[in-house]
Amino acid sequence: MDLYKAMRCAPTTRRFTPDPVPSETLRRVLENARFAPSGGNRQGWRVVVVRDPELRVALRDLYLPGWRAYLESAGGAGVLADPQAFDAATVRRVQGADEYAERLHEVPVHLVVGVRLPDLAVTDASLPRQSIVGGASIYPFVQNILLALRAEGLGAAMTTLLVPAEADVKRLLGIPEEVALAAHIGVGYRADPWPTRLARKPVEEFAFSEHYGQPLA
Ligand SMILES: Cc1cc2nc3c(=O)[nH]c(=O)nc-3n(C[C@H](O)[C@H](O)[C@H](O)COP(=O)(O)O)c2cc1C
């Protein structure tokens, strides 16, 4: 698949067929994703590929409390309770995400992505604001996985709601102390047709020339 096409049409997939995902395909995805950049080329990423049905149920049980708390805090619970009061796209998104959470154990493959904390150079750690730089050495790798999965014709959903349950997830999967959880990626063959166009803002809304706010030349 052409790279730009993959970038433009890799949506979040929340409904999957039960078809198994070949191990060779997953290996190819990881084989190519590993060329992602990372600070100092330390490549601190670690991935646990989970297919075991009992482990998938356990992961769902750890995911659901975070999802339900997020639903409440972000207003999604109100959308589910009174869908008529909201626009169709919002209702579809919230219902889709809710169904994904409730049926997480049915997703054929779960990629639990972590990063070794000693491998992170967090250059904004001393700033008086929330740090974001640590993520810069793991999320390019995650995005490579998402694009590679798309190129292989596989659907994927990247989420972070398992991260608050990190201690339990690490115990469940035997992940060592120095590895922090970064993302969960549900993987499988997409049950619905691929969308032809994703809803994204135009370049003019986020890119500027020379000074912030000045229109892009
Ligand atoms: C950091 C991050 C966290 C996300 N968390 C969730 C989540 O908890 N549940 C979910 O269903 N989708 C989650 N998503 C997927 C987003 O909802 C999705 O990327 C966005 O709505 C755009 O959808 P589209 O790619 O299908 O157009 C997350 C995506 C990112 C990058």
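Both ligands and their constituent atoms are indexed starting at 1 by order of listing. Since the structure is predicted, the reported quantities are computational estimates derived from the model, not experimental observations.
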- Task: Check if Tyr139 has a non-hydrogen atom at a distance under 4.0 Å from any atom of ligand 1.
- Result: no

- Could you list the atoms of ligand 1 found under 4.0 angstrom from a heavy atom of Pro11? 25 (O), 26 (O)

- Out of Leu198, Thr159, Val142, whose heavy atom sits nearest atom 7 (C) of ligand 1? Thr159

- Note on the structure: Contacts of Phe206 meeting ring pair (Phe, Tyr, Trp, His ring centres under 6.0 Å) (sequence neighbours excluded), chain-then-number -> none

- For atom 10 (C) of ligand 1, state whether the nearest protein heavy atom is under 4.0 Å away. yes

- State whether Asp192 and Arg14 are salt-bridged, where the test is any N-O pair (Lys NZ or Arg NE/NH1/NH2 against Asp/Glu carboxylate O) under 4.0 Å. no

- Determine, considering heavy atoms only, which of Thr12, Thr160, Leu162 sits nearest to atom 1 (C) of ligand 1. Thr160

- Query: In terms of side-chain geometry, is the basic nitrogen of Arg68 or Glu102 positioned less than 4.0 Å from the acidic oxygen of its partner?
  - Reply: yes

- Task: Give the residue, atom name and distance (to 0.1 Å) of the protein heavy atom nearest atom 14 (N) of ligand 1.
- Result: Met158 O, 3.3 Å

- Item | Proximal atoms of ligand 1 relative to Leu161 (non-hydrogen, under 4.0 Å) | 8 (O)

- Item | Flag side-chain contact, heavy atom, 4.5 Å: Thr17 against Arg190 | no

- Query: Can we say Glu106 and Arg103 salt-bridge, meaning some charged N sits less than 4.0 Å from an Asp/Glu carboxylate O?
  - Reply: yes

- Message: Any non-hydrogen side-chain atom of Arg150 less than 4.5 Å from a side-chain atom of Trp194?
- Response: yes

- Enumerate the atoms of ligand 1 whose separation from the nearest heavy atom of Tyr63 is less than 4.0 angstrom. 7 (C), 8 (O), 9 (N)

- Query: With a 4.5 Å limit on heavy-atom distance, are the side chains of Val115 and Arg46 in contact?
  - Reply: no

- Message: Quick test: of every protein heavy atom, which one is nearest to atom 27 (O) of ligand 1, and how far off is it to 0.1 Å?
- Response: Arg200 NH1, 2.9 Å

- State whether Arg116 and Asp119 are salt-bridged, where the test is any N-O pair (Lys NZ or Arg NE/NH1/NH2 against Asp/Glu carboxylate O) under 4.0 Å. yes

- Item | Those atoms of ligand 1 less than 4.0 Å from some heavy atom in Arg14 | 10 (C), 11 (O), 12 (N), 15 (C), 16 (C), 17 (O)

- Can you list the atoms of ligand 1 that are under 4.0 Å from a heavy atom of Ala97? 11 (O)

